[in-house]
Amino acid sequence: MNASGDPAPERVAETGSTNDDLLARVRAAAASGATAFAPCLLVADHQRAGRGRHGRRWHATPDASLTFSIAWTSPRSDLSGLSLAVGCALADAIDVRGRPLRIGLKWPNDLWLVDAASAGADDSAPPRDPLAARPEGRKLAGILVETAPLGHSRVAVIGVGINIRAQEVADAASGVGSIAEIEPDATPATTLARVTPALFAALRSFDIAGFAAFADRFAARDVLRGRRVAGTGAHGEVEGIAAGIGADGSLRIDTAAGPIAVASGEWRLTRIETAGAPC
């Protein structure tokens, strides 16, 4: 561990999934009767079976991607909004200070590279209209949070995949962005060194205050707010205008029948349109 108590990265050349590897370790520890699990950071140069939410495949080309997972035991029983907090930490670490913001956050687990010509405001600009449509973007990174029981607590395993350089992904509906577009000299190693201190600091903040500590930061980068969205889940088929994120990390939607809030675990976003467009 370093002076801040962050675990040193453990690196493997190739694996199926770093999330699966850490989940297996947690389950083995639980089976042995362990009640504590030390934080760890597992980095893979190449993942053969990386995945996102709902089992979607995460495409990762060696040397053009950074893929890693963190195992973290939180004292909180409610981990709602953890993926959003992780997204905030990643975006703040990746964006180049002193320039207009280029990293947007798409509920509940994606980072988008926002088009430079229409990117939001810089750090000193006034807050944007909370219902204003956000600019278009392309997927830059994804987050997958899974948990496993350990004693009377649960260990969160947080998987992260980041596009470092351009790569072809045939089924990427939003297009693909890369860090090299804003930081041409970026490598997987330099990006890992840049984001991990921010991630561990964010996890400690989340342990204390939950998503509330990140709500304003997420709102400044929210690419769904003001867009017409559609999805399905516990509320059935839902269409409406995304109206920001609740204190518990839920997506608020203004529908024809009135406002609702949907949680990421019970609702699947299926379509996104610009505000005013048919959905």
Q: Less than 4.0 angstrom from a charged side-chain N to a carboxylate O is my criterion; do Glu239 and Arg228 meet it?
A: no

Q: Would you confirm whether Ser153, through its side chain, and Pro149, through its main-chain N or O, come within 3.5 Å as a donor-acceptor pair?
A: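 No, because the side chain of Ser153 does not come within donor-acceptor range (under 3.5 Å) of the backbone of Pro149.
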
Q: Assess whether side-chain contact (heavy atoms from CB on, under 4.5 Å) is satisfied between Ile103 and Ile182, documenting all intermediate values.
A: CA-CA 10 Å; Ile103 311 299; Ile182 57 175; 4.0 Å; yes

Q: State whether Arg204 and Asp6 are salt-bridged, where the test is any N-O pair (Lys NZ or Arg NE/NH1/NH2 against Asp/Glu carboxylate O) under 4.0 Å.
A: yes

Q: Report the distance from atom CG of Leu90 to atom CG of Asp110, rounding to the nearest 0.5 Å.
A: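 Rounded to the nearest 0.5 Å, the CG-CG separation comes out at 11.5 Å.
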
Q: Please check this pair: side chain of Thr270 against backbone of Ala230, looking for a donor-acceptor N/O pair closer than 3.5 Å.
A: yes

Q: What distance do Arg194 atom CZ and Leu66 atom CG have between them, rounded to the nearest 0.5 Å?
A: 12.5 Å

Q: Return the minimal non-hydrogen interatomic distance between Leu192 and Pro9, and the atom names on each side.
A: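 Scanning both residues completely, I find the closest heavy atoms to be CD2-CB, 4.3 Å.
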
Q: I'd like to know if Glu181 pairs up with Arg138 as an ion pair, taking the criterion as any Lys NZ or Arg NE/NH1/NH2 lying under 4.0 Å from an Asp or Glu carboxylate oxygen.
A: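 Here Glu181 pairs with Arg138 in a salt bridge, since their nearest N and O are under 4.0 Å apart.
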
Q: Under a 4.5 Å side-chain heavy-atom rule over Ile, Leu, Val, Met, Phe, Trp and Tyr, are Leu41 and Phe37 clustered together?
A: no

Q: For Thr232 and Arg268, does a side-chain donor sit closer than 3.5 Å to a side-chain acceptor?
A: no

Q: Work out which heavy atom in Ala93 is nearest to a heavy atom in Ala198; give both atom names and the distance.
A: CB-CB, 3.9 Å

Q: Check whether any side-chain heavy atom of Ile179 lies under 4.5 Å from a side-chain heavy atom of Thr191, and answer yes or no.
A: yes

Q: Which salt bridge (Lys or Arg N to Asp or Glu O under 4.0 Å) pairs, counting each pair once, include a residue from residues 31-45, with sequence neighbours left out?
A: Arg11-Asp45

Q: Determine whether Val262 and Trp107 make a side-chain contact, defined as any pair of heavy atoms from C-beta on separated by less than 4.5 Å.
A: yes

Q: Between Ile94 and Val195, does a side-chain contact (heavy atoms from CB on, under 4.5 Å) hold up when you go through it step by step?
A: CA-CA 7 Å; Ile94 293 170; Val195 302; 3.9 Å; yes

Q: Go through the steps to decide whether Asn109 and Ser83 satisfy the test side chain to side chain donor-acceptor pair (under 3.5 Å), and finish with yes or no.
A: CA-CA 6 Å; Asn109 65 327; Ser83 66; over 6 Å; no

Q: Run the side-chain contact (heavy atoms from CB on, under 4.5 Å) check on Phe200 and Ile70 step by step: do they pass?
A: CA-CA 9 Å; Phe200 286 114; Ile70 294 171; 3.8 Å; yes

Q: Are Val145 and Ile245 connected into the same hydrophobic cluster when the rule is that any two of I, L, V, M, F, W, Y join if their side-chain heavy atoms are below 4.5 Å apart?
A: yes

Q: Within the side chain of Thr187, is there an N or O that forms a donor-acceptor pair under 3.5 Å with the backbone of Thr190?
A: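 Yes; judged by distance alone, with no hydrogens or angles, the pair exists.
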
Q: Walk me through whether Val26 and Leu23 qualify under side-chain contact (heavy atoms from CB on, under 4.5 Å).
A: CA-CA 5 Å; Val26 175; Leu23 286 168; 5.6 Å; no

Q: Is it possible for you to say whether Ile158 and Leu199 belong to one hydrophobic cluster, with membership spreading through side-chain heavy-atom contacts below 4.5 Å?
A: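 Per the 4.5 Å side-chain linkage, Ile158 and Leu199 are co-clustered.
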
Q: Just how far is it from atom CZ of Phe218 to atom CG of Leu105, taken to the nearest 0.5 Å?
A: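 Here the interatomic distance stands at 5.0 Å.
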
Q: Which pair of non-hydrogen atoms, one from Thr67 and one from Gly161, has the smallest distance, and what is that distance?
A: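 Heavy atoms only, the tightest pair is CG2-CA, 4.3 Å.
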
Q: Less than 4.5 Å apart, side chain to side chain, heavy atoms only: is that true for Val43 and Glu10?
A: no

Q: How close do Ala44 and Thr15 get, counting heavy atoms only, and between which atoms?
A: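 It is CB-CG2, 3.8 Å.
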
Q: Charged N to carboxylate O under 4.0 angstrom, Asp92 versus Arg217?
A: yes

Q: Leu22 and Ala71: which non-hydrogen atoms are nearest, and at how many Å?
A: CD1-N, 3.7 Å

Q: Are side-chain heavy atoms of Arg25 and Leu42 found at a separation under 4.5 Å?
A: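 Result yes, sub-4.5 Å side-chain heavy-atom pair found.
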
Q: Is there a side-chain contact between Gln47 and Glu14 in this structure, where contact means two heavy atoms from C-beta onward sitting under 4.5 Å apart?
A: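 Heavy-atom side-chain distance check fails, nothing below 4.5 Å.
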
Q: If I take atom CG from residue Leu203 and atom OG from residue Ser74, how far apart are they, to the nearest 0.5 angstrom?
A: 8.5 Å

Q: State, yes or no, whether a side-chain contact exists between Arg102 and Val96 at a heavy-atom distance under 4.5 Å.
A: no

Q: Just so I know, are the side chains of Ile164 and Ser178 near enough to count as touching, which here means a heavy-atom distance under 4.5 Å?
A: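 Side chain of Ile164 against side chain of Ser178, heavy atoms only: no contact under 4.5 Å found.
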
Q: For the hydrophobic clusters of this structure (ILVMFWY residues joined by side-chain heavy atoms under 4.5 Å, transitively), does one cluster hold both Val86 and Phe211?
A: yes

Q: Can you tell me how far the OG atom of Ser77 sits from the CZ atom of Arg154, to the nearest 0.5 Å?
A: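 That separation rounds to 11.5 Å.
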
Q: With salt bridge (Lys or Arg N to Asp or Glu O under 4.0 Å) as the test, would you mind laying out the steps for Asp95 and Arg221 before giving the verdict?
A: CA-CA 11 Å; Asp95 243 332; Arg221 298 180 184 271; 2.5 Å; yes

Q: Which label fits Phe206 and Phe214: parallel for a plane angle under 30°, tilted from 30 to 60°, or perpendicular past 60°?
A: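 Taking Phe214 first and then Phe206, their aromatic rings sit tilted (interplane angle of 30° to 60°).
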
Q: Can Asp222 and Lys106 be counted as an ion pair, charged N to O under 4.0 angstrom?
A: no

Q: Tell me if a side-chain donor or acceptor on Arg227 pairs with a main-chain N or O of Ile241 at a distance below 3.5 Å.
A: no

Q: CD1/Ile162 to OG/Ser65 distance, rounded to the nearest 0.5 angstrom?
A: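 So the CD1 of Ile162 and the OG of Ser65 are separated by 9.5 Å.
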
Q: Under the side chain to side chain donor-acceptor pair (under 3.5 Å) criterion, do Ser250 and Asp248 qualify, and how do the steps go?
A: CA-CA 6 Å; Ser250 60; Asp248 60 353; 2.7 Å; yes

Q: Could you tell me which non-hydrogen atom of Ala36 sits nearest to which non-hydrogen atom of Leu150, and how far apart they are?
A: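 Shortest heavy-atom contact: C-CD2, 3.5 Å.
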
Q: Could you check whether any side-chain heavy atom of Leu111 comes within less than 4.5 Å of a side-chain heavy atom of Ile143, counting everything from C-beta outward?
A: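 Result yes, sub-4.5 Å side-chain heavy-atom pair found.
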
Q: Check whether Val223 and Leu140 end up in the same hydrophobic cluster, where Ile, Leu, Val, Met, Phe, Trp and Tyr are linked by side-chain heavy atoms less than 4.5 Å apart.
A: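 Result: yes, single cluster for both.
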
